[in-house]
Number of protein chains: 2
Amino acid sequence: MKERYKLPCNIAQTLNIVGDRWTLLILHDILIGHQTFNELKKNLEGISANLLSDRLKHLEKAGLVETEVYTKHPPRYQYKLTESGRDLEPVFDALLLWGRDHLDHCYKKMVHSDCQHEVELSYYCPSCKKTVDKSEINTISTVTSDLYTR
Amino acid sequence: MKERYKLPCNIAQTLNIVGDRWTLLILHDILIGHQTFNELKKNLEGISANLLSDRLKHLEKAGLVETEVYTKHPPRYQYKLTESGRDLEPVFDALLLWGRDHLDHCYKKMVHSDCQHEVELSYYCPSCKKTVDKSEINTISTVTSDLYTR
DNA sequence: ATACTAAGTTTAAAAAATCAACTTAGTTGT
DNA sequence: ACAACTAAGTTGATTTTTTAAACTTAGTAT
């Protein structure tokens with residue numbers, strides 16, 4: 001896959017890696033435990049084999065997925081997320097929670113196991129060791145020379 | 001746009017609304033203040049006019065974007081996010097932070113304005129009024145009849 | 001009256017995704 | 001030993017999306 005978006009923007013560049021059709025769903029399905037090719041194909045109803053194959057190769061190259069032999073004879077592989085793949089979890093959760101709040105039909109929700117109340121996403125400052133409100137956060141450019149960096 | 005993914009999954013259904021190419025970038029660009037058609041077109045380098053037009057129509061139908069007249073004579077409109085559009089902010093932030101941690105070149109970061117340290121995403125239980133670790137969260141199906149709901 | 005701008009639309013071409021059939025290597029049942 | 005089966009893809013044709021470039025329309029500025 002070539003670089004689709006050329007924007008100097010974390011979001012655009014991240015979407016160059018995980019923004020293609022089916023890609024996030026494949027990663028999420030691996031995360032929740034579907035690990036072989038046919039298991040993924042079966043669970044991602046509607047995906048075609050060649051697309052799944054292409055995506056897995058691309059994601060392996062990009063370092064988000066790795067393959068592991070789980071039986072020799074016959075040689076069989078399973079797909080697993082690398083650490084950077086697993087680090088997409090907040091992305092999945094943010095999408096899941098948006099769906100919980102705004103879809104006509106919600107399939108899943110996330111609750112605090114202690115009290116069974118629904119949780120939200122928030123921001124945390126590891127230095128101050130506390131939750132901070134979005135209004136206390138500055139989103140700043142790391143590129144000093146470029147005023148238009150996003 | 002027809003429903004692309006048929007999976008009973010919040011993430012898939014959310015991506016049916018915002019997962020098309022350019023869509024999240026358009027929403028993000030509106031969020032950060034680019035509001036007219038040409039402003040969006042200029043800032044989303046590489047997008048074609050017809051695609052931007054199609055996406056804006058679709059997002060308006062889906063209730064994430066609304067238009068507002070800002071001058072009559074000549075009639076000029078600006079695009080704004082609705083509340084459900086603004087609620088995508090955690091999605092943008094999760095993507096931004098993944099990029100901060102994993103892209104070769106990071107353009108942006110988020111810092112706590114008090115201490116200038118980088119913030120992270122975390123989970124918050126509004127009932128217990130505290131941050132909860134992911135390990136204390138259950139992701140549960142809201143569809144009692146379907147064991148395979150995601 | 002002519003040029004310019006905003007906000008698109010139209011059409012053709014290129015790229016990506018879907019669909020269905022085929023391949024290959026190993027395994028199991030008879 | 002041979003046929004049927006399974007996992008994990010690959011190949012090629014068709015359809016859908018996206019891109020690219022030119023065109024439109026209404027109002028403004030010179």
Side-chain angles (χ1 to χ4, degrees), chain A residues 1-7 12 15-30 33-62 65-80, chain B residues 1-7 12 15-27 29-30 33-62 65-81:
Chain A
M1 320 274 154
K2 59 173 161 266
E3 300 244 316
R4 201 180 313 285
Y5 308 121
K6 291 168 195 165
L7 313 175
L15 290 175
N16 270 334
I17 300 171
V18 300
D20 285 328
R21 199 163 293 169
W22 290 104
T23 297
L24 280 171
L25 294 177
I26 293 167
L27 289 163
H28 182 246
D29 236 43
I30 298 173
H34 298 128
Q35 301 185 317
T36 64
F37 189 89
N38 281 332
E39 228 182 319
L40 290 168
K41 184 156 158 23
K42 190 175 301 171
N43 283 286
L44 296 167
E45 197 201 315
I47 199 173
S48 57
N50 56 347
L51 192 74
L52 178 55
S53 177
D54 288 353
R55 291 293 191 266
L56 287 168
K57 274 179 203 145
H58 172 239
L59 289 169
E60 197 176 351
K61 238 177 240 165
V65 159
E66 59 193 357
T67 52
E68 209 175 85
V69 177
Y70 71 93
T71 61
K72 301 179 65 154
H73 280 291
R76 290 283 182 265
Y77 301 91
Q78 62 190 347
Y79 296 96
K80 295 195 163 185
Chain B
M1 319 275 154
K2 59 174 161 261
E3 300 243 316
R4 201 182 309 287
Y5 308 121
K6 291 167 194 165
L7 313 175
L15 290 175
N16 270 336
I17 300 171
V18 300
D20 285 328
R21 201 162 291 167
W22 289 106
T23 297
L24 279 171
L25 295 177
I26 293 167
L27 289 163
D29 236 43
I30 297 174
H34 298 128
Q35 301 186 316
T36 64
F37 189 90
N38 281 332
E39 227 181 318
L40 290 168
K41 186 157 155 23
K42 191 176 299 171
N43 283 284
L44 296 167
E45 196 202 316
I47 200 173
S48 58
N50 57 345
L51 192 75
L52 178 56
S53 176
D54 288 352
R55 292 292 192 264
L56 288 168
K57 275 179 202 145
H58 171 239
L59 289 169
E60 197 176 352
K61 239 177 241 168
V65 159
E66 59 193 0
T67 52
E68 209 174 87
V69 177
Y70 71 93
T71 62
K72 301 178 67 153
H73 278 291
R76 289 284 182 263
Y77 300 90
Q78 61 190 346
Y79 295 97
K80 294 194 166 188
L81 297 190

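Below, chains carry the letters A, B, ... as their sequence lines are ordered, and counting in each starts from 1.
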*Asks:* Whole angstroms only, please: what is the CD1-P distance between B:Ile47 and D:dT18?
*Replies:*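 Those two atoms, CD1 and P, are 10 Å apart.
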
*Asks:* Separation of B:Glu60 atom CD from C:dG8 atom P, in whole Å?
*Replies:*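 Going from B:Glu60 (CD) to C:dG8 (P), I get 10 Å.
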
*Asks:* Reckon A:Tyr70 has a side-chain N or O less than 4.0 Å from the OP1 or OP2 of D:dA8?
*Replies:*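 Yes, because at least one side-chain N or O of A:Tyr70 sits under 4.0 Å from OP1 or OP2 of D:dA8.
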
*Asks:* Do the non-hydrogen side-chain atoms of B:Thr36 and B:Tyr70 ever get within less than 4.5 Å of each other?
*Replies:*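 SC-SC contact between B:Thr36 and B:Tyr70 confirmed.
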
*Asks:* For A:Gly46 and B:Tyr77, find the nucleotide of DNA chain C closest to each by heavy atoms; which residue's nucleotide sits nearer the 5' end?
*Replies:*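 So the residue in question is B:Tyr77.
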
*Asks:* What is the distance, rounded to the nearest whole Å, between atom CG of B:Leu56 and atom C1' of C:dA7?
*Replies:*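 In whole Å, C:dA7 C1' lies 11 Å from B:Leu56 CG.
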
*Asks:* Expressed in angstrom and rounded to an integer, what is the separation of A:Arg55 atom CZ from D:dG9 atom P?
*Replies:*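 Taking CZ of A:Arg55 and P of D:dG9, I get 16 Å after rounding.
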
*Asks:* Choose from D:dA20, D:dG9, D:dG12 the nucleotide whose nearest atom is closest to any side-chain atom of A:Asn50.
*Replies:*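 Ranking D:dA20, D:dG9, D:dG12 by closest atom to the A:Asn50 side chain puts D:dG12 first.
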
*Asks:* Whole Å only: how far is the CG atom of B:Leu40 from the C1' atom of C:dA6?
*Replies:*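 To the nearest whole Å, that distance equals 13 Å.
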
*Asks:* CZ of B:Arg55 to CG of B:Leu40: how many Å apart, nearest 0.5 Å?
*Replies:*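 It is 14.0 Å, given to the nearest 0.5 Å.
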
*Asks:* Quickly work out the A:Asn38 CG to D:dG9 C1' distance and round it to whole Å.
*Replies:*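 Nearest whole value for this atom pair: 9 Å.
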
*Asks:* From the options D:dA8, C:dT9, D:dG9, select the nucleotide whose nearest atom is closest to the side chain of B:Lys57.
*Replies:*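 Of all the options, the side chain of B:Lys57 is nearest to C:dT9.
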
*Asks:* What is the separation between atom CG on B:Leu51 and atom P on D:dT17, rounded to the nearest whole Å?
*Replies:*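 To the nearest whole Å, that distance equals 12 Å.
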
*Asks:* What is the distance, to the nearest angstrom, from the CZ atom on A:Arg21 to the P atom on D:dT18?
*Replies:*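 Going from CZ in A:Arg21 over to P in D:dT18 covers 5 Å.
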
*Asks:* State whether A:Ser53 places a side-chain N or O below 4.0 Å from either non-bridging phosphate oxygen (OP1 or OP2) of D:dT10.
*Replies:*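 For A:Ser53, the contact criterion (side-chain N or O under 4.0 Å from OP1 or OP2 of D:dT10) is met.
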
*Asks:* According to a strict under-4.0 Å criterion, is B:Tyr79 in side-chain N/O contact with OP1 or OP2 of C:dG8?
*Replies:*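 Answer yes for this pair, as a side-chain N or O of B:Tyr79 is under 4.0 Å from OP1 or OP2.
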
*Asks:* Please confirm whether the shortest side-chain N or O distance from B:Thr36 to OP1 or OP2 of C:dA6 is below 4.0 Å.
*Replies:*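 Negative; the distance criterion is not met.
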
*Asks:* How long is the gap from CD on A:Gln78 to CD1 on A:Ile30, to the nearest 0.5 Å?
*Replies:*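 Between atom CD of A:Gln78 and atom CD1 of A:Ile30 there are 10.5 Å.
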
*Asks:* Rounded to the nearest 0.5 Å, how far does CG of B:Leu56 lie from OH of B:Tyr77?
*Replies:*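 The distance works out to 14.0 Å.
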
*Asks:* Any side-chain donor paired with an acceptor under 3.5 Å for B:Asn50 and B:Ser48?
*Replies:*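 Present: a donor and an acceptor within the cut-off.
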
*Asks:* From the options D:dA8, D:dA20, C:dT18, select the nucleotide whose nearest atom is closest to the side chain of A:Trp22.
*Replies:*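 Looking only at side-chain atoms, A:Trp22 lies closest to C:dT18.
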
